[in-house]
Amino acid sequence: MKGSDLTPFQHSLLEWYRAHRRALPWREERDPYRILLSEVLLQQTRVDQAIPYYHRFLERFPDLRSLGEADLEEVLRVWQGAGYYARARNLHKLAQIVSAEPPLPTNYARLRELPGLGPYTAAAVASIAFDEPVAAVDGNVRRVISRLMAWENPTPAALQAKAEEWLAAESPGEWNQAMMELGATLCAPRKPACRSCPLARWCAGQASPERYPAPRARQQRATEAVALVLQGPYGVVLEPRQGRSLGGLWGVPMAEGRSLEPLLRRLAASHGTTIPTPEHAGTVQHAFTHRRLTVQVYKSRWEGPAHDPQSKPLSQLDRKILRQAQAL
DNA sequence: AATGCGGGGAG
DNA sequence: CTCCCAGCATT
């Protein structure tokens with residue numbers, strides 16, 4: 001660890017970072033579990049959005065042991081609202097794996113084998129918590145490198161190679177965070193502050209930074225669904241949600257399409273009774289990344305067994321539906 | 001290589 | 001409204 005080993009390029013960024021870095025909760029300490037949690041929370045999530053969940057999660061699950069011993073449903077309840085619920089399921093599974101064989105792995109290759117830890121998160125934890133010289137390439141770093149190199153459509157392999165080439169191996173955790181911090185603040189997607197950038201003299205894309213990297217083509221398709229809120233003295237009928245992302249959460253009975261009939265048939269069969277004629281309670285719109293969902297919300301009086309929606313982990317969509325039916 | 005997955009903030 | 005964020009798993 002010698003500052004004199006740094007290239008002028010590396011020195012400029014690290015100097016800038018030490019002077020301008022934001023004081024974030026997980027930067028105040030070196031507990032690997034807390035660093036791991038922060039990195040998982042930050043997957044596709046802005047810093048400001050992740051911070052409240054970071055505190056809430058640690059208050060309930062201060063260490064890997066307490067997390068591994070908890071019920072998945074409670075983990076999801078604490079995660080509720082943060083989105084990408086597979087992250088919580090994977091973190092819970094990770095805690096159970098690690099608790100059986102105590103220490104958290106301390107290198108990239110073994111971290112990479114754990115559920116929910118992909119190339120970015122494994123590299124971030126390995127470098128920040130364990131000082132392993134491996135480059136962490138997230139969306140920020142992708143943009144920073146693309147602009148410095150004037151690359152419009154870089155491949156992940158090219159980005160990783162360039163990131164490794166530039167990595168300040170003496171302080172990899174700090175270097176990785178500096179690259180991300182630059183991308184999150186000055187080298188922003190729109191209106192980058194090139195005049196303040198410590199790397200401007202090395203930047204090939206500075207004349208037209210917004211060209212790099214080229215924006216991704218997307219398509220949004222509209223989908224329709226119907227939901228039925230069965231409410232009565234014992235609460236609301238909730239079903240376990242299926243699927244990788246929403247699995248483990250609960251929700252009101254729903255079906256694709258615009259017709260209520262198939263849903264009514266399914267519910268009548270599963271409950272062994274006919275459903276009282278539903279009344280239309282309104283429409284709920286919900287935006288997913290590649291889909292715009294329009295849900296027709298119906299509700300019926302229901303005297304049978306039900307759940308207390310306050311005690312179940314629900315997605316934001318289901319909370320919207322319950323509010324629309326005035327059941328939350 | 002393409003797709004699905006949440007939620008929210010900025011322009 | 002669109003874009004995209006400290007991505008990952010699956011196909």
Side-chain angles (χ1 to χ4, degrees), chain A residues 17 21-22 24-27 34-54 76 79-91 93-94 111-129 135-146 153 155-157 159-160 163 173-185 187-192 210 213-223 241-249 251 285-293 313-320:
Chain A
Y17 177 66
R21 66 175 217 159
R22 294 168 290 178
L24 304 179
W26 44 87
R27 284 181 177 164
R34 296 186 170 220
I35 291 169
L36 168 62
L37 171 63
S38 73
E39 293 302 340
V40 172
L41 269 171
L42 288 166
Q43 289 169 6
Q44 291 289 282
T45 306
R46 287 172 212 280
V47 164
D48 291 341
Q49 189 185 347
I51 287 176
Y53 291 96
Y54 176 79
L76 287 165
W79 199 272
Q80 182 175 309
Y84 284 124
Y85 298 95
R87 298 185 297 178
R89 292 197 302 276
N90 284 329
L91 202 51
K93 189 186 304 177
L94 180 155
L111 286 166
R112 183 67 182 77
E113 297 170 1
L114 293 170
L117 300 202
Y120 163 75
T121 309
V125 173
S127 62
I128 297 170
V137 179
D138 71 335
N140 290 309
V141 175
R142 174 171 183 266
R143 185 171 53 257
V144 169
I145 293 176
S146 297
N153 292 294
T155 64
L159 290 166
Q160 189 69 38
E174 196 174 27
W175 174 261
N176 283 330
Q177 293 185 80
M179 289 283 282
M180 292 188 279
E181 190 84 343
L182 187 71
T185 57
C187 197
R190 279 165 294 205
K191 294 192 176 183
E210 313 223 18
R216 280 276 183 201
R218 296 167 177 248
Q219 57 177 1
Q220 279 222 34
R221 51 179 236 274
T223 314
R241 285 272 181 261
Q242 304 299 326
R244 197 176 65 258
S245 175
L246 293 177
L249 295 173
Q285 300 269 355
H286 194 70
F288 296 96
T289 305
H290 297 298
R291 196 158 54 128
R292 173 148 217 97
L293 185 62
L314 302 173
S315 71
Q316 286 299 118
L317 171 58
D318 284 289
R319 291 156 66 82
K320 273 189 211 171

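Every chain is numbered from 1 and lettered A, B, ... according to where its sequence line falls, protein lines coming before strand lines. Given the structure is predicted, the values throughout are model-derived calculations rather than measurements.
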- Determine the Euclidean distance between corresponding P atoms of B:dG11 and C:dA6; express it in Å to zero decimal places. 14 Å
- Integer-rounded Å distance: C:dC4 P and A:N140 CG: 12 Å
- Message: Base, sugar-phosphate or nothing for A:R143? Non-hydrogen atoms, less than 4.0 Å.
- Response: sugar-phosphate
- Task: Provide, to the nearest angstrom, the distance between the CD atom belonging to A:Q160 and the P atom belonging to C:dG7.
- Result: 14 Å
- Message: Can you confirm whether A:W26 sits close enough to A:I128 that some side-chain heavy atom of one is under 4.5 Å from a side-chain heavy atom of the other?
- Response: no
- Query: Whole-Å distance between C:dC4 C1' and A:Q43 CD?
  - Reply: 16 Å
- Is the side chain of A:R27 donor-acceptor paired with the backbone N or O of A:R22 at a distance under 3.5 Å, no angle test? yes
- Whether A:E210 side chain and A:R190 backbone form a donor-acceptor pair below 3.5 Å: no
- Message: Looking only at the side chain of A:L42 (C-beta and beyond, no hydrogens), which of the listed nucleotides C:dA6, B:dG6, C:dA9 gets closest?
- Response: C:dA6
- Ordered by number, residues from residues 120-128 of chain A within less than 4.0 Å of DNA chain B (heavy atoms) are none
- Inter-nucleotide C1' distance (B:dG6, C:dC4), Å rounded: 13 Å
- Query: C:dA6 P sits how many Å from A:L159 CG, rounded?
  - Reply: 16 Å
- Nearest of B:dG6, C:dA9, C:dA6 to any side-chain atom of A:Q49? B:dG6
- Query: So what does A:W26 hit on the nucleic acid, given a heavy-atom distance under 4.0 Å: a base, only sugar-phosphate, or nothing?
  - Reply: base
- Query: Nearest heavy-atom pair of A:R143 and A:A188: which atoms, and what distance?
  - Reply: NE-C, 3.6 Å
- Item | Atom pair distance, as rounded to whole Å: CD in A:E113 and P in C:dA9 | 12 Å
- Considering only C:dC5, B:dG11, C:dA6, which nucleotide approaches the side chain of A:R190 most closely? B:dG11
- Which heavy-atom pair separates A:Q80 from A:Y85 by the least distance, and what is that distance? CA-CE2, 4.0 Å
- Query: Within the structure, does a side-chain N or O atom of A:R142 lie under 4.0 Å from either OP1 or OP2 of C:dG7?
  - Reply: no
- Message: Regarding B:dG7, can its base be found pairing with the side chain of A:T45 as donor and acceptor, where the two atoms are less than 3.5 Å apart?
- Response: no
- Message: Judged by each residue's nearest nucleotide on DNA chain B, which is more toward the 5′ side, A:D48 or A:G83?
- Response: A:G83
- In whole angstroms, how far is the P atom of B:dG9 from the CD1 atom of A:I51? 13 Å
- Message: Under 4.0 Å, counting only non-hydrogen atoms across every strand here, what does A:L41 touch: a base, just sugar-phosphate, or nothing?
- Response: nothing
- Message: For the backbone of A:E181 and the side chain of A:R21, can you confirm whether one donor and one acceptor N or O come within less than 3.5 Å of each other?
- Response: no
- Task: Describe the nucleic acid contact of A:A136 in one word from base, sugar-phosphate, nothing, applying a heavy-atom distance below 4.0 Å.
- Result: nothing
- Message: Here's a test of your reading of the structure: between A:P119 and A:R46, which maps to the more 5' nucleotide of DNA chain C?
- Response: A:R46
- Query: Any donor-acceptor pair under 3.5 Å linking the side chain of A:Y53 with the backbone of A:G81?
  - Reply: yes
- Have a look at A:L24 and say if it touches a base, only the backbone sugar-phosphate, or nothing, with a 4.0 Å heavy-atom cut-off. base
- Query: Between B:dG9 and C:dC8, how far is it from one C1' atom to the other, in whole Å?
  - Reply: 23 Å
- Do A:L36 and A:L117 come close enough that some side-chain heavy atom pair is under 4.5 Å? yes
Donor-acceptor contacts under 3.5 Å from residues 44-52 of chain A side chains, at least two apart:
| unit_1 | atom_1 | unit_2 | atom_2 | d |
| --- | --- | --- | --- | --- |
| A:T45 | OG1 | A:L41 | O | 3.3 |
| A:T45 | OG1 | A:Q43 | O | 2.9 |
| A:T45 | OG1 | A:R87 | NH1 | 3.2 |

- Message: Just to be sure I understand the rule, does A:G183 reach a base, reach only the sugar-phosphate, or reach nothing, if contact means heavy atoms closer than 4.0 Å?
- Response: nothing
- Query: For the pair made of OH in A:Y84 and C1' in C:dA6, what is the distance, rounded to whole Å?
  - Reply: 13 Å
- For A:L111 and C:dA6, what is the distance between atoms CG and P respectively, to the nearest whole Å? 22 Å
